[in-house]
Engineer: 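Sharing a structure, written as structure tokens. Questions coming.
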Amino acid sequence: MYKEPNIDPKLLKPYDPKSTEDRIYSLWQESGFFNPDVCIEKGITSPDAEPFSIVLPPPNVTGTLHTGHASMLVIEDIMVRFARMQGKRTLWLPGTDHAAIATQSKVEKLIEKEEGKRKNDLGREEFLKRVEAFAQESHDTIVNQVKKMGASVDWSREAFTLDEKRSLAVRTAFKKMYDDGLIYRGHRVVNWDPKGQTVISDDEIVYEERKSKLYTFKYGKDFPISISTTRPETKVGDVAVAVHPTDERYVEFIGREYDEVFCGVPIHIKIIADESVEKEFGTGALGVTPAHSQIDADIATRHNLPTIQVINEFAKITVGEENLLGKKTTEAREVIVEWLRAEELLEKEEDITQNVSTAERTGAVIEPLPKLQWFINVNKPIADRGGKTLKELMLEPVLNGSLSIIPDRFDKVYRHWIENLRDWCISRQIWYGHRIPVWYMGEEIYCGIEAPEGEGWIQDEDTLDTWFSSGLWTFSTLGWPEETSDFKTYHPTTILETGYDIIFFWVARMILMSQYLIGDIPFKTVYLHGLVRDAQGRKMSKSLGNIIDPLDMIEKYGTDALRMSLIIGTGPGNDSKMSEDKIKAYKNFANKLWNITRFILSSTEGITHNPEFSSYTGADKALIAERDELFTTITKEMNEYKFYLAGEKLYQYAWTQLADVIIEESKTILTGTDEKAKESRAQFLLDTMSKITITLHPFMPFVTEELWSLLPIRDKQLLIVTKWPHGSTL
RNA sequence: GCGCGGUUAGCUCAGUUGGUAGAGCGUCCCCUUGACGUGGGGAAGGCCAGGGGUUCGAAUCCCUUAUCGCGCACCA
């Protein structure tokens with residue numbers, strides 16, 4: 001036996017996360033072990049080891065991390081540390097997202113508040129400088145927070161959705177899609193955000209239930225059919241009334257045309273028959289406004305009707321006399337309702353609740369407007385993908401099981417979304433983001449990775465939907481379009497861990513891009529976590545003032561405690577509640593581990609752990625069997641991504657079995673006279689403590705690394721790269 | 001309208017392939033025991049939302065009702 005010095009004086013005091021965590025994180029960073037190449041160089045990982053890769057869902061550079069990010073980092077760090085300890089070639093690739101619209105509107109608000117200026121006062125170039133400065137600052141804050149959480153990401157490979165390499169990937173992807181005819185420019189009724197002054201995609205709409213009025217009226221005294229609408233102000237742009245072809249009430253009018261003057265605006269209305277009209281709704285007749293309703297636009301296309309735009313980008317009326325012209329839609333509505341009353345055309349006014357479309361970022365009510373925009377065609381057969389459409393490419397891996405979603409009930413949600421998917425509008429009228437790689441000169445259009453040669457070309461003013469670049473994330477971060485060795489080694493990535501709230505925005509788009517551009521899935525498994533809510537189950541929000549800052553919790557209880565509280569009892573796909581009591585309980589647990597170690601070290605003083613020790617007593621053999629059965633179980637659970645179960649079992653074992661039972665009875669054994677039993681028990685305790693420390697490391701990396709440094713174990717590496725015990729054989 | 005999820009101890013939630021119900025916090029009682037009072041020992045507390053079915057056996061599988069929440073669609 002080796003004689004060890006007395007136990008470290010650190011152990012004589014309670015565990016102190018504050019004086020430990022930053023020091024340990026630096027130690028890891030200096031070791032280089034977050035980088036799989038270093039692990040191979042130093043002989044920790046075999047060069048032909050199975051790769052395990054995961055990209056960090058890049059946090060938006062709009063500010064700071066919240067508890068949702070914290071829980072994401074915990075789950076992913078557990079996966080990554082576990083993989084690394086299993087000897088896999090493990091890469092966790094970090095980065096941040098420029099989050100175009102979110103970041104731009106945040107900076108716009110800041111500038112307006114602090115300087116009273118709007119972005120046009122500054123100009124594109126100056127404004128972008130401001131946004132970049134803000135983004136840089138957010139980035140630095142985020143990086144610091146990610147480190148505080150203990151995340152073992154490979155900082156040497158850090159990426160940003162708007163940096164040079166990712167921009168090249170974006171332009172390359174765009175050009176290929178353009179050349180394949182998947183990206184096209186089209187005039188369509190799109191979702192216009194009057195506040196953000198940009199188009200947004202269908203997915204960026206949030207439906208809000210609001211009380212509203214349904215008005216029933218006629219365009220004029222002699223008009224034969226009454227119609228119902230919640231938006232009378234758009235009716236100055238009507239070109240038709242659509243009825244169901246079999247509606248007996250109206251059948252005789254089909255094909256007739258009428259001229260009316262509606263609130264001072266001349267309109268020409270044709271009565272048409274269309275299957276999409278429901279006889280039961282309202283009067284069973286629908287006023288068709290092709291410019292300001294997507295459904296009406298579809299009807300207009302079918303019947304070859306003209307499109308008359310009557311509302312502009314600022315949600316103001318563009319027709320009529322001074323009573324209407326230039327009025328906001330809400331004001332114009334009142335004007336028209338008043339006019340209808342005065343003319344005795346208004347027949348009914350009903351209170352209804354309706355789903356109002358609002359913009360996710362700005363909260364503005366969406367104004368459908370006809371616009372020339374860029375779209376991705378999801379229904380066009382692609383020649384070099386076996387004639388499949390993007391929709392089919394997105395669906396395929398989920399249907400055939402090559403890509404699995406945890407929990408699997410989200411399969412259905414995903415499939416349902418794809419089935420309803422329409423062309424994706426990818427152009428945005430904002431400045432911050434990837435400029436569309438298309439140039440114009442007169443009638444000529446050029447799409448390329450670089451600007452065209454020659455004078456006079458003007459680049460498209462618009463930028464791309466931020467999710468276009470996020471969609472490339474699994475491979476743009478690995479060097480694509482170059483065939484780098486990282487790309488070859490780590491793609492498809494092993495798993496994507498993210499919130500279920502962005503399954504459409506992000507997960508689906510990554511599958512689309514990877515399937516199309518690479519011809520392969522972006523990841524084998526998707527693990528979806530839920531929302532972290534406050535103790536009452538409410539969503540955390542600034543307006544409610546119920547936001548818990550993870551950094552405050554770290555300050556109070558330590559990162560390990562926060563991590564345990566975020567993982568235990570949190571199954572995939574389910575929302576969880578943040579509870580300070582729970583964090584406190586795990587702070588106590590960290591201290592408990594500390595004290596267990598103190599007991600073991602002080603009562604086995606001078607003894608070094610001997611992994612080959614074989615003279616265990618019968619009693620200790622039984623304890624080993626029981627313990628190793630636990631390790632077998634939790635290893636299985638970890639492999640199945642059931643960290644919430646494994647973590648809890650380790651906690652239970654360490655506290656109620658090791659501390660409460662085994663250590664209690666060890667007191668008699670270790671102070672007794674049976675030397676064989678003493679030696680056996682001492683080795684058992686050291687062995688068990690070392691294995692508990694190893695297996696708890698993915699969950700509580702700081703306290704375990706610190707304890708590991710104090711354990712009398714020969715030839716040890718940092719715990720972060722120590723091999724995971726595989727059940728009873730190790 | 002279509003779909004999904006929840007409903008388990010006072011509170012927050014676990015419960016892996018169906019086999020006598022678990023944890024944290026809280027509550028009550030006891031203990032300055034030589035790792036730890038950020039502790040230890042003990043206790044109370046549950047017709048697992050209701051009903052029906054399958055089964056030797058159901059919190060777990062099926063049907064149904066209620067209720068809360070979510071997603072999608074509609075939104076004239």
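Every chain is numbered from 1, with letters handed out A, B, ... down the list of sequences.
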Engineer: Is there a salt bridge (Lys or Arg N to Asp or Glu O under 4.0 Å) between A:Glu367 and A:Arg231 once you walk through the steps?
Structural biologist: CA-CA 11 Å; A:Glu367 194 61 59; A:Arg231 300 199 60 193; 2.9 Å; yes
Engineer: So which nucleotide does B:G39 pair with, by the Watson-Crick or G-U wobble rule with both distances under 3.5 Å?
Structural biologist: B:C31
Engineer: Decide, yes or no, whether a salt bridge links A:Glu233 with A:Arg333 under the criterion of side-chain N to carboxylate O below 4.0 Å.
Structural biologist: yes
Engineer: What is the distance from CH2 of A:Trp417 to C1' of B:C72, rounded to the nearest Å?
Structural biologist: 12 Å
Engineer: With the threshold set at 4.0 Å, does a side-chain nitrogen-carboxylate oxygen contact exist between A:Lys18 and A:Glu555?
Structural biologist: yes
Engineer: For this output row, return yes or no: ring centroids of A:Phe262 and A:Trp339 closer than 6.0 angstrom.
Structural biologist: yes
Engineer: Of the candidate nucleotides B:A35, B:U16, B:A14, which contains the atom at the shortest distance from the side chain of A:Glu637?
Structural biologist: B:U16
Engineer: When the nearest nucleotide of RNA chain B is assigned to A:Thr671 and to A:Pro14 on a heavy-atom basis, which residue is associated with the more 5' position?
Structural biologist: A:Thr671
Engineer: When rounded to the nearest Å, what value does the distance between C1' atoms of B:C61 and B:A43 take?
Structural biologist: 36 Å
Engineer: Applying the side chain to side chain contact (heavy atoms under 4.5 Å, CB included) test to A:Asp687, which of A:Lys691, A:Gln683, A:Met689 qualifies?
Structural biologist: A:Lys691
Engineer: For B:G40, does either OP1 or OP2 sit under 4.0 Å from a side-chain N or O belonging to A:Lys592?
Structural biologist: yes
Engineer: For A:Ser602, answer base if it contacts any base atom (sugar-phosphate contacts may also be present), sugar-phosphate if it contacts only those atoms, and nothing otherwise; contact means non-hydrogen atoms under 4.0 Å.
Structural biologist: nothing
Engineer: Is the number of heavy atoms from other residues, nucleotides or ligands within 6.0 Å of NZ (A:Lys391) greater than 12?
Structural biologist: yes
Engineer: Can you tell me which residue among A:Gln652, A:Arg627, A:Glu626 is in a side-chain hydrogen bond (donor to acceptor under 3.5 Å, both in side chains) with A:Gln657?
Structural biologist: A:Glu626
Engineer: Show your working on side-chain contact (heavy atoms from CB on, under 4.5 Å) between A:Tyr219 and A:Asp238 and close with a plain yes or no.
Structural biologist: CA-CA 10 Å; A:Tyr219 292 110; A:Asp238 279 14; 2.4 Å; yes
Engineer: Heavy atoms only: give me the nearest A:Ile317-A:Ala332 pair and the separation to one decimal.
Structural biologist: CG1-CB, 3.5 Å
Engineer: Is B:A66 paired to anything, Watson-Crick or G-U wobble with both distances less than 3.5 Å, and if yes, which nucleotide?
Structural biologist: B:U7
Engineer: Would you mind telling me which of B:C72, B:C36, B:G15 lies closest to the side-chain atoms of A:Asn420?
Structural biologist: B:C72
Engineer: Between B:G41 and B:G5, how far is it from one P atom to the other, in whole Å?
Structural biologist: 41 Å
Engineer: From CG of A:Leu12 over to P of B:C36, roughly how many Å is that when rounded to an integer?
Structural biologist: 10 Å
Engineer: What's the NZ-C1' distance between A:Lys587 and B:G24, to the nearest Å?
Structural biologist: 17 Å
Engineer: May I ask you to say what A:Tyr207 touches in the nucleic acid, namely base, sugar-phosphate or nothing, with a heavy-atom cut-off under 4.0 Å?
Structural biologist: base
Engineer: For a quick check of understanding: with a heavy-atom distance under 4.0 Å over all strands, which category does A:Ile596 fall into, base, sugar-phosphate or nothing?
Structural biologist: base
Engineer: Which protein N or O atoms sit under 3.5 Å from an N or O of nucleotides 25-27 of chain B?
Structural biologist:
unit_1: B:C25; atom_1: O2'; unit_2: A:Asp581; atom_2: OD2; d: 2.9

Engineer: Could you check how far CG of A:Leu531 sits from C1' of B:G71, rounded to whole Å?
Structural biologist: 13 Å
Engineer: Give one of base, sugar-phosphate or nothing for A:Ile295, where a contact means two heavy atoms less than 4.0 Å apart.
Structural biologist: sugar-phosphate
Engineer: Using atom CD of A:Gln354 as one end and atom C1' of B:C75 as the other, report the distance to the nearest whole Å.
Structural biologist: 6 Å
Engineer: Take atom CG of A:Leu214 and atom P of B:C74, then tell me their distance rounded to the nearest Å.
Structural biologist: 17 Å
Engineer: Between P on B:C70 and OH on A:Tyr500, what's the gap in Å once rounded to a whole number?
Structural biologist: 9 Å
Engineer: Mind checking the C1' distance from B:A44 to B:G50? Whole angstroms is fine.
Structural biologist: 28 Å
Engineer: Taking A:Trp467 for its side chain and A:Met510 for its backbone only, find out whether a donor-acceptor pair lies under 3.5 Å.
Structural biologist: no
Engineer: Should A:Lys667 be listed as having a side-chain N or O under 4.0 Å from OP1 or OP2 of B:A35?
Structural biologist: yes
Engineer: Please tabulate, one pair per line, all N/O donor-acceptor pairs under 3.5 Å involving side-chain atoms of residues 269-283 of chain A, not counting sequence neighbours.
Structural biologist:
unit_1: A:Asp274; atom_1: OD1; unit_2: A:Ser276; atom_2: N; d: 2.9
unit_1: A:Asp274; atom_1: OD1; unit_2: A:Ser276; atom_2: OG; d: 2.7
unit_1: A:Asp274; atom_1: OD1; unit_2: A:Arg302; atom_2: NH2; d: 3.1
unit_1: A:Asp274; atom_1: OD2; unit_2: A:Arg302; atom_2: NE; d: 3.1
unit_1: A:Asp274; atom_1: OD2; unit_2: A:His303; atom_2: NE2; d: 2.7
unit_1: A:Lys279; atom_1: NZ; unit_2: A:Thr246; atom_2: OG1; d: 2.8
unit_1: A:Thr283; atom_1: OG1; unit_2: A:Ser226; atom_2: O; d: 2.6
unit_1: A:Thr283; atom_1: OG1; unit_2: A:Ala285; atom_2: N; d: 3.3

Engineer: Give A:Val356 one of three labels, base, sugar-phosphate or nothing, depending on what nucleic acid heavy atoms sit under 4.0 Å from its own.
Structural biologist: nothing
Engineer: For A:Lys667, give me all partners under salt bridge (Lys or Arg N to Asp or Glu O under 4.0 Å), at least two apart in sequence or on another chain.
Structural biologist: A:Glu664
Engineer: Work out how far the C1' atom of B:C62 is from that of B:G10, and round it to whole angstrom.
Structural biologist: 34 Å
Engineer: Measuring only between side-chain heavy atoms, which start at C-beta, is A:Pro698 closer than 4.5 Å to A:Phe643?
Structural biologist: no
Engineer: Using the P atom in both, what is the distance from B:C29 to B:G22, to the nearest Å?
Structural biologist: 26 Å
Engineer: In whole angstrom, give the distance that lies between atom CD of A:Glu605 and atom P of B:G34.
Structural biologist: 18 Å
Engineer: Counting only Watson-Crick pairs (N1-N3 plus N6-O4 or O6-N4) and G-U wobbles (N1-O2, O6-N3), all under 3.5 Å, who is the partner of B:G57?
Structural biologist: none
Engineer: Using a cut-off of under 3.5 Å, enumerate the N/O to N/O pairs linking the protein to nucleotides 2-7 of chain B.
Structural biologist:
unit_1: B:C4; atom_1: OP1; unit_2: A:Lys412; atom_2: NZ; d: 2.8

Engineer: Within residues 658-666 of chain A, which residues have any heavy atom lying less than 4.0 Å from an atom of RNA chain B?
Structural biologist: A:Ala659, A:Asp660, A:Ile663, A:Glu664
Engineer: Work out how far the P atom of B:G15 is from that of B:U60, and round it to whole angstrom.
Structural biologist: 14 Å
Engineer: Rounding to the closest angstrom, what is the interatomic distance between B:A23 and B:G45 at atom C1'?
Structural biologist: 15 Å
Engineer: State the pairing partner of B:G22; accept Watson-Crick or G-U wobble contacts with both distances under 3.5 Å, and report none otherwise.
Structural biologist: B:C13
Engineer: Need to verify one output field. Residue with the more 5' nearest nucleotide on RNA chain B, A:Asn355 or A:Phe589?
Structural biologist: A:Phe589
Engineer: Find the partner of B:C72: check Watson-Crick (N1-N3 plus N6-O4 or O6-N4) and G-U wobble (N1-O2, O6-N3) distances, both under 3.5 Å, and reply none if neither fits.
Structural biologist: B:G1
Engineer: Counting side-chain heavy atoms from CB outward, which of B:U16, B:A35, B:G71 is closest to A:Phe504?
Structural biologist: B:G71
Engineer: What is the nucleic acid contact for A:Thr230, judged by heavy atoms within less than 4.0 Å: base, sugar-phosphate only, or nothing?
Structural biologist: sugar-phosphate
Engineer: Counting only side-chain N and O atoms of A:Trp655, is one of them less than 4.0 Å from OP1 or OP2 of B:G24?
Structural biologist: no
Engineer: Not counting sequence neighbours, which residues clear side-chain contact (heavy atoms from CB on, under 4.5 Å) with A:Pro290? List them please.
Structural biologist: A:Val239, A:Val288, A:Ala300, A:Thr307
Engineer: If you count the non-hydrogen atoms of other residues, nucleotides and ligands that lie under 6.0 Å from CD in A:Glu248, is the total more than 12?
Structural biologist: no
Engineer: Which value, in whole Å, describes the distance between the P atoms of nucleotides B:G51 and B:A59?
Structural biologist: 13 Å
